[in-house]
Every structure is written in structure tokens, then in C-alpha cells.
Amino acid sequence: MKWTFSLRDRPNGMKGFTIIWSGQMMAGIASGITAVALPVWVFQTTGSGIQVGLLEFFFFGSYLLFVQVAGVMVDRYHRKMLMLAHDFISLSSIAVLLAIESTGKLMPWHLFVAAIFQGIGFAFYSPSFSAAITTMLPRYYYVRANGLMSLLDSVPEIFGPLLAGTLILAIGLNGVLAINLLAFVVSIGALLFVEVPPTPQTPEGKGSHGTFFKEAIYGLRYIIHRRGLLGLQMIFFFGNLFSGIALSAASLYPMILLRTGNDTQAIGAVQSVGALIAVIAAIILASRKGMKQLVRVILLGWILSSLLGLTLLGVGQFLLIWLLAISLNSLFEPLINVALETFLQTKVPPDLQGRVFSATDFLTQAMIPFTPLLAGYFGDRVLEPIFRSQNALSNLFGWLVGTGPGSGFGLLLVICGLCSALTGVCGFLFPSIRNLERSIPDYAPPVAD
């Protein structure tokens, strides 16, 4: 008997998605280890924090520059190909770094160039995977799939830092890069093995075709022409601005170090507990098949995570309070992100999702590269000096955040937490945002003849 293998034999649906997700989890954990190892190597080589910061700058800068272009390609071409593009770009950059490191000639600028290419690859990652969920799965699996996708962010944050220190000492940077390379090989193999259906065409999608530039800005126009949807994006824009400042390593780390006498273990504990709670929340979401009132979940999540999380982080002056605060903040983060992804997947036609998801990423994360700079400036130069002497402001807020070292950064976190909570309140105040779920109809797939 002759045995043949066709596309119909490839895993699809939830089984296929789980296989892809497993490969991405392996690559994510390995990349999390590398994401710790490379900055450590840069700092040990140059002794410069600025050089370390440039890694993030080049990565996020190239990501924001290319995310709109990626959105067009996600809608024009097969999404499986674009998912593979992300993995191939990441694999290639790691392979080049490994080859150079093996010769003993690795320089920091090599890492900056690699960060640019990895940022470009990441621009394809989020819109292609989010849009592929729509074509691979029935609607009642959206929340579960987005919960699993949220784990791809949280789990590497736990295991990456934990494994990095041991592996750097045991096998060196060469070994870490080799593990990352092998992980991407597995991830690519999983993608090649699974069937990802082509994107269905809709009248609205066909009407959006035009020049590349027109399609590149189509996602932004789509959002701008829907006032409530634009308002929701502004909630994320300002919320991410304030939470980005508060949770930046330029504000949270100095506050903890100054309040604890440079106890780096306290920073590690806060990071690990926050990531662990996010994983637990994502696992709970991944076990669910649905979620109601998505927009109100998003708005309430912003308010609670900001008031109970960010504000309490600034008020707290010892580890137990910080652990409680980061737990409350991390508990709501996956809920907010899953609700947004599910809302867009439900409302936006599938052949527009690449551009709309890319526009969403651009609008919501546009300020992220600048939040560490803002955090450092307002903490170091403005607020921290105020609490070094007796004055009206230190007397006014001393009862809330204390008056010792770190109090200025604490007040910065409190201000950011209150402002972030206010963004969520604004969403409830505007009917166009509050009632957005009713004003935009669900996408209805065409009925087969």
C-alpha cells in the first residue's frame, strides 16, 4: 500500500495551534536566556549602561518603524509564511552572532545590528500570530488561544533570568547562543508541520487594496474612523505611558535599591513573583472558552491594576508590600491583553487584521522606547532631590511615600498609578468607548452555498 502525506494530514485547529505554541514557547524561553546574557556581556565588556540601553533602543526602534509594513504583508501573504519569517530572521541573527563569537571577535556593535534585525522580525510576530488565530480556530477558542499566547510573554520572564545565570557560567555565551539557535530550529519545524489555513477574503478587505503606502496606513485609518475604537487605543497609549514609566528599570529598580540599601535580591523577588502571577492568570484564561463585556473588562482592569498595583508599589517601603503590589498588577495584565486581542479578532474582518493589529501595536507602544528616559529624568533630576531636604512637597507627601532615599521614585510610581487609573475612568466616562462592543458588529463569516 502506498502511503501519501497531504495538507489534510497536517495537524490543524486547536491541535495545530498547540503544536505551534509549544515550539514558540521553547524559542521564547531560549530567547529569554539570551536576552539576559547579551546585556550582561555588553556591560562586562564596556562597563557602560548606555551601551546596554542601546540594545533596547535599536530593537524597539526598528520594531516600531517596520510594524506598519509588516501589517500589510500579513494581510497580503500567507500568515504561516510571515510567522516563519520572524523565526528565520531570529535564527539567522543568532547564527551570525554565534559564528562571530566563536572567532573571539564579537563586538557590541554586532549586537546592535542583530537587535535591529530581531526588531524587524518581531514586527511580524504579533500581528501574524494574532491574525492566524482567527483563521485556525473557531471563535469560542479565541480567549483560550490568547491566554496561551499571553504565556509566551510570561513564562520566559520566569525561566529566562533563572537559567541565564547558571548557563552563562556553565557553557558561556557560545553555549547560550547555540541553545537559542536549536530552539528556533524546533520552532520552525513545528510551523512547517502544521496546517495554517489561508486568509478568507471579504468585500471590505478587497476594497482596502491599493498602493503599498495606502495599505500601510490603512490600519491607522480604520481605527481613526471609528471614534470609540480610537478612544480605546488612547486608553492603552496613555496607560502604557504611565505604567511604562512606573515599571521601567529606571524607576522601579532605583526605588527598591534605595529603600533596601542596594538589595538586588529584592529586585529579583519582585520580578519573579510578578512573572509567576502573570503565568497563573494566563493559565486560568487559557482554560476558559469565552469572556463577556470585553471593553469593560479592559477598562476595569486598567483601573484596578493601576490603583492596587502601581500605586501600592510606590507607597510600599518594604518587600512584602512590593510583592503584594506586583502580584495585583500582574494579575490583571494578561486579562487586559487577552480581552483586547479577543475583541479585535471578533470584530475585524480577517483580511484586515494584519494591518489593524499592527496599527494597534504601533499606537499602544509608541511611547515605550521613551519611558525609561522619562522615568530616569523625573526620578533622578526632579522628585528624588525634593526629598533630600525639608520643603513643602516633602512635607506634603512624606506621610504617603516616606522621606528617605527612594521616596522620590516612590512618589513617581504613585503619580503614574493614579494617572493610569484615570485613563481607565475616562473610558467609562465616554459612551463611545464604554459602549464600543455594541456599536461595532461582530464579523460574520460568509455562509457557504
Side-chain angles (χ1 to χ4, degrees), residues 7 16-17 20-21 23-24 27-28 31 58-94 113-137 145-146 149 152 184 187-188 190-192 194-225 233 340-341 344-345 347-366 443:
L7 284 177
F17 175 81
I20 293 175
W21 177 86
Q24 291 298 311
S31 295
F58 284 118
F59 177 86
F60 282 109
S62 60
Y63 162 74
L64 288 172
L65 285 175
F66 277 86
V67 70
Q68 295 294 98
V69 174
V72 177
M73 298 182 71
V74 169
D75 284 339
R76 281 188 176 188
Y77 304 108
H78 200 292
R79 281 158 187 178
K80 181 176 179 176
M81 185 180 72
L82 276 302
M83 290 189 282
L84 285 167
H86 162 260
D87 283 4
F88 272 114
I89 291 173
S90 300
L91 180 146
S92 300
S93 62
I94 294 297
V113 174
I116 292 173
F117 282 99
Q118 288 171 339
I120 295 171
F122 190 70
F124 293 96
Y125 177 83
S126 179
S128 60
F129 274 85
S130 296
I133 288 174
T134 309
T135 59
M136 292 186 71
L137 302 174
N146 288 317
M149 291 299 292
L152 294 180
F184 274 114
S187 177
I188 290 170
L191 274 167
L192 292 173
V194 168
E195 177 189 357
V196 178
T199 306
Q201 298 299 303
T202 67
E204 192 171 357
K206 292 177 181 177
S208 70
H209 295 167
T211 64
F212 195 91
F213 176 76
K214 178 185 174 182
E215 292 192 44
I217 64 172
Y218 182 86
L220 293 172
R221 291 170 55 204
Y222 183 95
I223 293 172
I224 292 170
H225 290 163
Q233 299 307 306
L340 177 63
E341 295 286 313
L344 293 174
Q345 289 162 346
K347 302 293 183 179
V348 181
D351 50 349
L352 299 179
Q353 287 183 5
R355 284 164 288 176
V356 174
F357 278 121
S358 293
T360 296
D361 286 349
F362 181 81
L363 289 173
T364 58
Q365 300 185 49
Y443 162 71

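Hydrogens, waters and symmetry mates play no part in the numbers below; they use all other heavy atoms, side chains included.
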Only distances under 3.5 Å count here; give the side-chain donor-acceptor pairs of residues 113-127 to other protein atoms, sequence neighbours excluded, each with its distance to 0.1 Å.
residue: Q118; atom: NE2; partner: S93; partner atom: OG; Å: 3.2
residue: S126; atom: OG; partner: D361; partner atom: OD2; Å: 3.1

What residues form a side chain to side chain donor-acceptor pair (under 3.5 Å) with [X], not counting sequence neighbours?
X    : value
T135 : none
S62  : none
T364 : none
N146 : T342, Q345

Q. So, does K80 use its side chain to make a donor-acceptor pair with the main chain of P198 at under 3.5 Å?
A. no

Q.
Any side-chain to backbone donor/acceptor pair from R355 onto D351? Under 3.5 Å, distance only.
A. yes

Q.
Could you tell me if S358 and Q68 have a donor-acceptor pair between their side chains, going purely by distance under 3.5 Å?
A. no

Q. For residues D87 and S187, is any side-chain donor paired with an opposing acceptor at under 3.5 Å?
A. yes

**Q.** Within-4.5 Å side-chain heavy-atom neighbours: T199 and H78
**A.** no

Q: Evaluate the side-chain proximity of L352 to Y222: yes if any heavy-atom separation is below 4.5 Å, no if none is.
A: yes

Identify the heavy atoms of [X] and [Y] that sit nearest to each other, and give their distance.
X    : Y    : value
M136 : E195 : CE-O, 3.8 Å
A366 : L64  : O-CD1, 4.0 Å
D75  : P350 : OD1-O, 4.0 Å

(Q) Going by the rule salt bridge (Lys or Arg N to Asp or Glu O under 4.0 Å), which residues pair with R76 if we only count those two or more places apart in sequence or in a different chain? (A) E215

